Amino acid sequence: MSNTPFNPEYQTNNIEGKIITALERISESFRVLLWNESKQHGLSPIQVQILIFLSFHEDEKRKVSYLADGFNMTKATVSDTIKTLEKKGLILKEYAPNDTRSYFINLTSKGQKTSNQIANFTQELQHPISKLDDQAQKDMLQYLLGIIKHLNKANIITVQRMCFSCSYYQKKENQHFCKLLNQQLQSSDIRVDCPEHQQQIGVVNLKN
């Protein structure tokens, strides 16, 4: 198939192909940075991601089912990861009083210290973005959110915690509006990972 972004001849006269290839390079850079950080701390890449996630999210999101959805993984895979982190003394399980099958996942002091050390592994990606002017950053955010929204609708990635999939979000006369905050949102206010996110009714997470 010649009309693929990975064909240099196709890329020459097709800017979409160049953009796709550029995104692939950035994705590969993220994986390299994550893998390097993992090796330094004797962890796997997913263990690093889960530790960071646990450090910054509240109880209801620190469950196996939520982690499985968020990372597009099976519950079994996440459960195995949690068992390993528990053996390493990085997390503790907090069981619900009336249901010993349900538990929250909390970081130990060692786990929090490790999370603090690894949370900035994306600095080399942040550096060139920080050099863009405000408008360029806002435009970049909008384009990326549009791609994420499309991938979510196409069931390629699971439900995201961004404004566009939130029941509090409305678009009024081409303006963004948050019903929870009861205020208009600027483009730069749109969140990719919102703590108050409430999934829109009818938007189904297909991850088992």
Side-chain angles (χ1 to χ4, degrees), residues 1-53 56 67-74 76-78 80-81 115 117-166 169 171 174 176 185-194 197 200 203-208:
M1 183 178 181
S2 59
N3 292 342
T4 170
F6 303 106
N7 181 348
E9 292 183 4
Y10 175 73
Q11 282 184 37
T12 300
N13 298 308
N14 188 284
I15 194 168
E16 291 179 12
K18 294 173 184 176
I19 292 171
I20 293 295
T21 304
L23 289 172
E24 190 271 337
R25 296 286 190 275
I26 294 171
S27 175
E28 180 62 26
S29 299
F30 184 94
R31 290 194 295 269
V32 169
L33 291 170
L34 179 58
W35 180 249
N36 289 341
E37 194 70 33
S38 302
K39 289 191 293 184
Q40 289 182 33
H41 293 272
L43 300 167
S44 70
I46 188 58
Q47 288 169 7
V48 167
Q49 289 180 289
I50 285 179
L51 284 176
I52 295 173
F53 183 92
F56 294 103
L67 291 170
D69 289 340
F71 289 101
N72 293 286
M73 301 174 69
T74 65
T77 299
V78 173
D80 288 343
T81 301
S115 178
Q117 292 171 343
I118 62 181
N120 291 320
F121 76 89
T122 58
Q123 280 187 330
E124 288 301 326
L125 286 173
Q126 292 172 245
H127 183 66
I129 296 173
S130 69
K131 292 186 175 297
L132 299 174
D133 62 43
D134 287 347
Q135 188 57 52
Q137 288 188 13
K138 290 176 183 177
D139 290 343
M140 187 176 187
L141 175 61
Q142 290 304 300
Y143 298 145
L144 292 174
L145 286 174
I147 293 172
I148 294 171
K149 183 179 180 181
H150 170 79
L151 294 173
N152 180 215
K153 284 188 172 182
N155 297 323
I156 294 172
I157 55 176
T158 56
V159 172
Q160 301 300 301
R161 298 178 295 274
M162 63 180 183
C163 291
F164 296 152
S165 64
C166 183
Y169 173 80
K171 198 164 188 179
N174 212 31
H176 307 294
L185 303 175
Q186 301 300 316
S187 295
S188 57
D189 295 326
I190 298 297
R191 295 182 179 184
V192 183
D193 189 354
C194 179
H197 183 273
Q200 290 176 358
V203 177
V204 180
N205 189 333
L206 297 181
K207 194 74 176 180
N208 293 321

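We number each residue from 1, following the sequence as shown. A quick note: this is a predicted structure, and the numbers were derived from the prediction, not measured. Only this structure's heavy atoms are used, side chains among them; waters, hydrogens and symmetry mates stay out.
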Is there a side chain to side chain contact (heavy atoms under 4.5 Å, CB included) between F71 and I50 once you walk through the steps?
CA-CA 9 Å; F71 289 101; I50 285 179; 4.0 Å; yes
Taking T77 for the side chain and M73 for the main chain, is one N or O donor matched with an acceptor at less than 3.5 Å?
no
Could you please spell out the steps behind the side-chain hydrogen bond (donor to acceptor under 3.5 Å, both in side chains) verdict for Q123 and H127?
CA-CA 6 Å; Q123 280 187 330; H127 183 66; over 6 Å; no
Going through the distances and angles, do L51 and L43 end up as a side chain to side chain contact (heavy atoms under 4.5 Å, CB included)?
CA-CA 10 Å; L51 284 176; L43 300 167; 3.8 Å; yes
Separation between CZ (F6) and CD (E24), nearest 0.5 Å, reads 5.5 Å
If I compare all heavy atoms of Q117 with all of H41, which pair ends up nearest, and what's the gap?
OE1-CE1, 3.3 Å
Enclosure of E28 CD (heavy-atom neighbours >12, cutoff 6.0 Å):
yes
Looking at N7, is its backbone amide N or carbonyl O close enough to the side chain of T4 to form a donor-acceptor pair, meaning the two atoms are under 3.5 Å apart?
no
Hey, is the main chain of G17 close enough, under 3.5 Å, to the side chain of Q11 for a donor-acceptor pair?
no
Check A136 against L132 and note the closest heavy-atom contact, atom names and distance.
CB-CB, 4.0 Å
Any side-chain donor-acceptor pair under 3.5 Å between R31 and S27?
yes
For the student: nearest non-hydrogen atoms of L23 and I147, plus distance:
CD1-CD1, 4.3 Å
Residues that Q47 engages under side-chain hydrogen bond (donor to acceptor under 3.5 Å, both in side chains), provided they are two or more places apart:
K88
Under the ring-ring contact (aromatic ring centres under 6.0 Å, His included) definition, can you give me all pairs with a residue in residues 13-39, not counting sequence neighbours?
F30-F121
Rounded to the nearest 0.5 angstrom, the CD-CG distance for Q49 and L34 is 5.0 Å
Can you confirm whether Q40 is buried at CD, in the sense that more than 12 heavy atoms of other residues, nucleotides or ligands lie under 6.0 Å from that atom?
yes
Name the one of Q137, Q135, Q142 that satisfies side chain to side chain donor-acceptor pair (under 3.5 Å) with D139?
Q135
May I have the step-by-step check of side-chain hydrogen bond (donor to acceptor under 3.5 Å, both in side chains) for Q126 and S130, ending in yes or no?
CA-CA 6 Å; Q126 292 172 245; S130 69; over 6 Å; no
Specify the closest pair of heavy atoms between V48 and S38, including all atoms of both residues, with the distance to one decimal.
CG2-OG, 3.5 Å
How long is the gap from CD on E9 to CG on N14, to the nearest 0.5 Å?
13.0 Å
Can you tell me how far OG1 of T122 sits from CG of L33, rounded to the nearest 0.5 angstrom?
8.0 Å
Shortest non-hydrogen contact between T12 and K18, atoms and distance:
O-NZ, 3.3 Å
